[in-house]
Number of protein chains: 2
Amino acid sequence: MSVSSSNRSQKLLYLTDEQLLQGIELMFFAYKGFTSDPDRILEEFGYGRAHHRAIHFINRWSGLTVNDLIDILGVTKQSLNRVLRQLIEDQLVESRVGTEDKRQRNLYLTLAGEALEKELATAQQARVRKAFSEAGPEAVQGFREVLENMIDDGQTAHIMALRKEQAR
Amino acid sequence: MSVSSSNRSQKLLYLTDEQLLQGIELMFFAYKGFTSDPDRILEEFGYGRAHHRAIHFINRWSGLTVNDLIDILGVTKQSLNRVLRQLIEDQLVESRVGTEDKRQRNLYLTLAGEALEKELATAQQARVRKAFSEAGPEAVQGFREVLENMIDDGQTAHIMALRKEQAR
DNA sequence: TTGGAATGTCAACAAGGCTGACGTATTATA
DNA sequence: TATAATACGTCAGCCTTGTTGACATTCCAA
């Protein structure tokens with residue numbers, strides 16, 4: 001435990017402008033590192049970050065609909081469609097007509113799609129694993145708590161909806 | 001202290017694929033939230049994230065050179081110049097010929113620039129402060145340790161160089 | 001049967017990355 | 001002192017990825 005102080009201003013030292021500024025820059029630099037490894041791989045395939053995000057969440061929630069993906073990514077259907085069309089043409093993603101609602105399209109990774117997903121995930125996980133293991137389990141727990149509190153409420157709602165869907 | 005186990009596999013539970021995957025998605029969603037508030041303000045001014053980043057670091061390292069900023073942001077001079085030109089035209093940033101090396105340009109925020117910087121910082125800090133205070137000081141420390149380990153080594157070198165410069 | 005939802009697609013545009021090329025001071029060096 | 005290298009600005013052109021608006025199709029549900 002830290003050397004605690006009964007002084008309230010002492011207790012809140014971690015919320016000073018300087019601490020917040022450091023946190024803000026940390027987010028900027030860390031996010032750059034976080035995306036750098038997958039970015040290099042994607043470049044070889046002529047893809048961008050948008051493709052990675054689509055592949056990631058299609059893998060995560062296999063069979064999710066186009067609208068699900070739009071909600072998660074927070075982009076327009078036109079923007080997503082451009083990326084999705086490429087991935088389908090390149091046979092990394094399969095789009096199947098919905099069984100219950102035939103207007104919907106359920107998205108799945110093909111074997112080739114899974115292979116690329118794995119390659120991207122491995123690269124990204126390596127960096128996160130390094131960061132986690134060097135910081136230790138307690139630090140990782142703190143990392144999680146802070147980031148969870150930074151997320152917009154609307155975002156988590158979409159994920160909750162998918163959890164329910166998948167539970168069916 | 002946590003309920004520790006002598007079993008090594010138990011100790012490394014925080015490094016499972018599932019934990020890493022959660023960490024990766026947390027980074028994605030948290031970064032989206034992190035940028036959302038400044039983005040709304042910037043839109044009113046017809047600026048983008050690139051302008052925010054320039055303004056932030058010119059404020060942080062007042063008088064830094066164009067090359068310093070290029071190194072920090074990790075963009076090309078052409079890309080930065082487009083943004084910088086607007087900010088100088090709009091009188092938010094001032095570019096002064098270097099005193100020692102007249103080839104260099106030292107960058108400063110004008111009063112108007114400082115005003116926008118403050119507005120952006122206040123919005124962004126509010127979210128980070130909320131996340132920090134809800135998570136608590138120990139969690140913030142963990143957040144810092146993990147993110148620091150995610151940053152590329154090259155990045156920190158640029159910051160170190162600026163620290164030295166400013167110490168002069 | 002009819003309105004609205006889900007999807008796909010076309011067009012046009014903007015931000016913000018990139019490369020390559022060129023010009024101009026200014027400084028460093030051979 | 002002549003030459004090379006550096007810092008900066010700018011022009012042109014390209015790419016990715018976001019946006020809005022419009023329109024067609026298919027299908028569900030009231």
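Since this is a predicted model, take the numbers as computed values, not measurements.
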Atom pair distance, as rounded to whole Å: CG in A:N81 and P in D:dA24: 18 Å
Answer yes if the ring centres of A:F57 and B:F28 are under 6.0 angstrom apart, and no otherwise. yes
Once you apply a heavy-atom cut-off of 4.0 Å, does B:R82 come out as touching a base, just sugar-phosphate, or nothing? base
What integer distance in Å separates A:R49:CZ from C:dC18:P? 11 Å
Quick check on DNA chain D: between A:V75 and B:Q104, whose nearest nucleotide comes earlier from the 5' end? B:Q104
Whole angstrom value for the distance that separates P of C:dA15 from CG of B:L84: 16 Å
Taking only N and O in the side chain of A:S79, is any of them less than 4.0 Å away from OP1 or OP2 of D:dT17? no
Hey, which of these two, A:D101 or A:Q78, hits DNA chain D nearer its 5' end, going by closest nucleotide? A:Q78
Is there a donor and acceptor pair, one atom on the side chain of A:R103 and one on the base of C:dA5, closer than 3.5 Å? yes
Test for a donor-acceptor pair under 3.5 Å between the base of C:dG8 and the side chain of A:R105, counting only N and O atoms. no
Would you indicate, yes or no, if C:dT7 has its OP1 or OP2 atom less than 4.0 angstrom from a side-chain nitrogen or oxygen of A:N67? yes
Counting any heavy atom closer than 4.0 Å, what does A:K102 reach on the DNA or RNA strands: base, sugar-phosphate only, or nothing? sugar-phosphate
Rounded to whole angstrom units, what separation is found between the NZ atom of B:K77 and the P atom of C:dA21? 13 Å
At under 4.0 Å, does any side-chain N or O of B:H51 touch on OP1 or OP2 of C:dA15? no
